[in-house]
*Asks:* 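Please find one structure pasted underneath; my questions will follow.
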Amino acid sequence: MKKILSLSFLAVFTVLVSCGSRQSNTDGKVLVSGKVENAPAGVVVLSQFTESRPKVLDTLEVNSKGEFEYEVAVDSPTFYELNLFGQRSVRLALLDENVQVYYDFSKPEEIKIEGSQDSQEMLKLEKLMNDYQTEVNKLNEAYYEAMSSNNSDAIRSIQEQAMELEAQQSEKVKATIESMGDSFASLAAVGLLNPKNDFPFLDQLVSDLNENYPNTKSILQLKQQLDEMRKLSVGQPAPEIELPNPQGEMVKLSDMKGKYVLIDFWAAWCKPCRQENPNLVRMYNLYKDKGFEVFGVSLDRTKEDWLKAIEDDGLTWTHVSDLQYFNSKAAVTYQINAIPATYMLDPDGKIIAKDLRGPSLENKLAEIFD
C-alpha cells in the first residue's frame, strides 16, 4: 500500500526570488501581526522558507495582552511560517498585503487570518491535508491489521480504497487550486499533485502563474521541469527503446506496435517488483491473446540475477536490459528514478497511462479488453 502523504509544506515550498506583476502597496514592507490567547510558555518565531529549509528570521516579542507585530521586507512572493509557542504552526504567503493572525489555544481547531488574501488561501490547503491525513491514517491501521492476519481479500480491498482516496484527493487539490484564482499560494499545492497523472492541469497552472508572476525563479524552474516531462506525458508517443534481450539480440519497443503494451521497469533485486510479478503474470495470461503485451526493462546489474528472476517468476514476455542499473539508456530516457514503474501504450505507441500495477492495472486492462 502506498505510504501516506505527510503534511510537509517544506517539501512543497520553494523560494520565490523575483518580483511578480502585482504592485506593492507597502513600499516593500509587510507587517505581520496578531494576537494569541491562553498561550503556554514559550515564544513566537517567524521563519522564511528557502530552497532547502526554513530560515529563522527572528523571535517576536509578545506583550502582556498576547499581541505581537513584526515588519518584514518582501519584494517578491514569499512563504513564511509562524511558530506559536511550539504548539501551532501557521503558514503565510506574503507579497504586498499586511497579515493578522489570531489564535486561541483553548480552541485548537480554530485560527483566524485577516489581511493577506494569499495567506488566507493557505488555510484551505491546511484543512485539505488534515482531512486527507485522517482518512489515510484509518486505511493504514486497517492495512496493518489485515497484514498481521494475512487477510489477502482485506488487503486487496484496502489497496483499492487507497487508490480511490488518492484519486479523490487529486481532484480536491485541483478544485482547491482553482478556487484560489491567481493567488501565488497555489504554488504550495503543486507538490500535492502527481505530475505524471496531472500533467495537463499542472502545465496550465504553471503557465498561468508565469503570466501573473513573470520572472519568478520557482515558477520558471517548475516550467522547465514540466517541459522536460512533456515528452513523457499521457497522449505523447512513447520514446523508442532498443536494448538487447537475454539472447543478446537487439529488440525495439516500436516492433510491438499494434498491441497494447505495458513497459515494465523492474529488477531482480526490487522486492516490490517481485511481489507484483504474480499479478502481472496473471494479467498477461488473461489478456495476451486479446492484444496485450509486456515489455520488461530490467535495471539489474548482472545477467545471472536477471535471468534467474525471469525463470523463478515465470515471466514469459519480452525482456530487455543493458544491465546498467539506473544508468540504463531506457531508464534515463523515461526518467526512471524508482521502480517498479510502468507505462501503458496504445496500439499506435502512444502513452495512455502510467504507474499501473495491482488493482489499477487490472482495472485498466478490463476497461480496454472486457
Side-chain angles (χ1 to χ4, degrees), residues 12 14 166-167 170 173-174 177 186-187 189-211 214 216-245 250-267 270 273 291-299 317-357 360-361 364-365 367-368:
V12 177
T14 49
E166 185 174 14
S170 175
V173 170
K174 288 186 281 189
I177 289 174
S186 60
L187 275 174
V190 168
L192 306 180
L193 293 173
N194 184 341
K196 290 185 177 181
N197 299 327
D198 299 307
F199 183 88
F201 182 89
L202 285 171
D203 195 30
Q204 185 61 54
L205 173 63
V206 172
S207 177
D208 292 342
L209 286 170
N210 190 46
E211 183 176 343
T216 299
K217 182 179 178 180
S218 63
I219 297 173
L220 294 176
Q221 289 174 337
L222 283 172
K223 186 176 184 301
Q224 181 179 354
Q225 292 171 10
L226 290 174
D227 287 342
E228 293 173 354
M229 294 180 61
R230 195 177 308 281
K231 63 181 180 181
L232 293 171
S233 63
V234 170
Q236 295 298 311
E240 179 68 286
I241 296 175
E242 184 176 8
L243 292 174
N245 65 13
M250 299 301 293
V251 178
K252 292 183 178 180
L253 172 64
S254 58
D255 291 339
M256 308 187 82
K257 280 189 176 181
K259 297 184 177 182
Y260 285 91
V261 179
L262 183 77
I263 307 174
D264 179 32
F265 289 90
W266 73 293
C270 170
C273 302
F292 175 54
E293 269 299 336
V294 178
F295 192 82
V297 182
S298 166
L299 303 189
W317 48 79
T318 300
H319 293 276
V320 297
S321 180
D322 52 11
L323 302 173
Q324 294 297 313
Y325 194 50
F326 282 95
N327 294 319
S328 166
K329 292 180 181 179
V332 172
T333 298
Y334 279 79
Q335 301 175 13
I336 303 298
N337 51 32
I339 54 175
T342 65
Y343 284 80
M344 176 70 84
L345 315 183
D346 70 6
D348 294 324
K350 291 184 178 180
I351 299 170
I352 59 173
K354 304 179 185 182
D355 290 333
L356 297 176
R357 53 184 178 271
S360 63
L361 174 61
K364 187 64 175 181
L365 291 174
E367 173 189 316
I368 294 172

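Basis for what follows: all heavy atoms, side chains included, without hydrogens, waters or symmetry-related copies. When a residue number appears, it is its place in the shown sequence, counting from 1.
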*Asks:* For Gln225, check side-chain contact (heavy atoms from CB on, under 4.5 Å) against everything at least two apart and list the hits.
*Replies:*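 For Gln225 the side-chain contact (heavy atoms from CB on, under 4.5 Å) partners, ignoring immediate neighbours, are Leu222.
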
*Asks:* Keeping the roles fixed (side chain from Asp198, backbone from Phe201), state whether a donor-acceptor pair exists under 3.5 Å.
*Replies:*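 No; judged by distance alone, with no hydrogens or angles, the pair does not exist.
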
*Asks:* Tell me whether the rings of Tyr343 and Tyr334 are parallel (<30°), tilted (30 to 60°) or perpendicular (>60°).
*Replies:* perpendicular

*Asks:* Hey, does the side chain of Glu293 reach the backbone of Met256 with a donor-acceptor pair shorter than 3.5 angstrom?
*Replies:*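 Between the backbone of Met256 and the side chain of Glu293 there is no qualifying donor-acceptor contact (under 3.5 Å).
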
*Asks:* Should Asp227 and Arg230 be marked as a side chain to side chain contact (heavy atoms under 4.5 Å, CB included) after you check the CA-CA gap, both sets of side-chain angles, and the distance that decides it?
*Replies:* CA-CA 5 Å; Asp227 287 342; Arg230 195 177 308 281; 2.7 Å; yes

*Asks:* Under a 3.5 Å distance rule, please check whether Ser360 uses its side chain to pair with a backbone N or O of Leu356 as donor and acceptor.
*Replies:*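 Pair absent, no side-chain N/O of Ser360 close to backbone of Leu356.
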
*Asks:* Inspect the contact between Arg357 and Asp264 and indicate whether a charged nitrogen and a carboxylate oxygen are less than 4.0 angstrom apart.
*Replies:*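 Between Arg357 and Asp264 there is no salt bridge, as every charged N stays at least 4.0 Å from the carboxylate O atoms.
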
*Asks:* Which heavy atom in Leu193 sits nearest to a heavy atom in Leu202, and how many Å separate them?
*Replies:*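 So the two residues come closest at CD1-CD2, 3.7 Å.
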
*Asks:* Lys350 and Gly235: which non-hydrogen atoms are nearest, and at how many Å?
*Replies:* CD-O, 3.8 Å

*Asks:* Out of the candidates Thr318, Leu243, Val320, Val261, only one should pair with Leu253 under the side-chain contact (heavy atoms from CB on, under 4.5 Å) rule; please name it.
*Replies:*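 With Leu253 as partner, Thr318, Leu243, Val320, Val261 yield a single side-chain contact (heavy atoms from CB on, under 4.5 Å), made by Val261.
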
*Asks:* Grab the two heavy atoms, one from Ala330 and one from Ile241, that are nearest each other, plus how far apart they are.
*Replies:* CB-CG2, 3.9 Å

*Asks:* Would you compute the distance between atom OG1 of Thr342 and atom CD1 of Ile263 and round it to the nearest 0.5 angstrom?
*Replies:*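 Answer for the OG1-CD1 pair, Thr342 versus Ile263, is 9.0 Å.
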
*Asks:* Please determine whether a side-chain nitrogen of the Lys or Arg among Asp255 and Lys252 lies less than 4.0 Å from a carboxylate oxygen of the Asp or Glu.
*Replies:*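 Salt bridge between Asp255 and Lys252, a charged N being under 4.0 Å from a carboxylate O: no.
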
*Asks:* How long is the span from the OG atom in Ser186 to the CG atom in Asp208, to the nearest 0.5 Å?
*Replies:* 9.0 Å

*Asks:* Do Pro244 and Ser321 have side chains that get closer than 4.5 Å, going by heavy atoms?
*Replies:*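 Pro244 vs Ser321: side chains apart.
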
*Asks:* Nearest 0.5 angstrom please: Asp346 CG to Ile352 CD1, how far?
*Replies:*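 That separation rounds to 5.5 Å.
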
*Asks:* Taking all atoms of both residues into account, what is the closest heavy-atom pair of Ser233 and Lys354, and its distance?
*Replies:* CA-NZ, 3.5 Å

*Asks:* Go through it in stages, so that I can follow the logic: the residues are His319 and Phe295, the test is side chain to side chain contact (heavy atoms under 4.5 Å, CB included), and I'd like the CA-CA distance, side-chain angles, deciding distance and then a yes or no.
*Replies:* CA-CA 6 Å; His319 293 276; Phe295 192 82; over 6 Å; no

*Asks:* I'd like to know whether Ser328 forms a side chain to side chain donor-acceptor pair (under 3.5 Å) with Asp322, so could you lay out the CA-CA distance, the side-chain angles of the two residues, the decisive distance to 0.1 Å, and finally the verdict.
*Replies:* CA-CA 6 Å; Ser328 166; Asp322 52 11; 3.2 Å; yes

*Asks:* Of all the heavy-atom pairs spanning Lys257 and Gly349, show the shortest one and how long it is.
*Replies:*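 Looking at all heavy atoms of both residues, the closest pair is CE-CA, 4.3 Å.
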
*Asks:* Would one find more than 12 heavy atoms of other residues, nucleotides or ligands at under 6.0 Å from atom NZ of Lys223?
*Replies:* no

*Asks:* Mind listing the closest non-hydrogen atom pair of Ala189 and Val173 along with its distance?
*Replies:* O-CG1, 4.1 Å

*Asks:* Hey, what do you get for CG (Leu262) to CG (Leu361), rounding to the nearest 0.5 Å?
*Replies:*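 The distance works out to 6.0 Å.
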
*Asks:* Do the side chain of Gln335 and the main chain of Glu228 share a donor and acceptor less than 3.5 angstrom apart?
*Replies:* yes

*Asks:* Find the distance between CG (Leu365) and OH (Tyr260) and round it off to the nearest 0.5 Å.
*Replies:* 10.5 Å

*Asks:* Run the numbers on Met344 and Phe292 for side chain to side chain contact (heavy atoms under 4.5 Å, CB included), then give the verdict.
*Replies:* CA-CA 10 Å; Met344 176 70 84; Phe292 175 54; 4.1 Å; yes

*Asks:* How far does CD1 of Ile177 sit from CG of Leu192, to the nearest 0.5 angstrom?
*Replies:* 7.5 Å

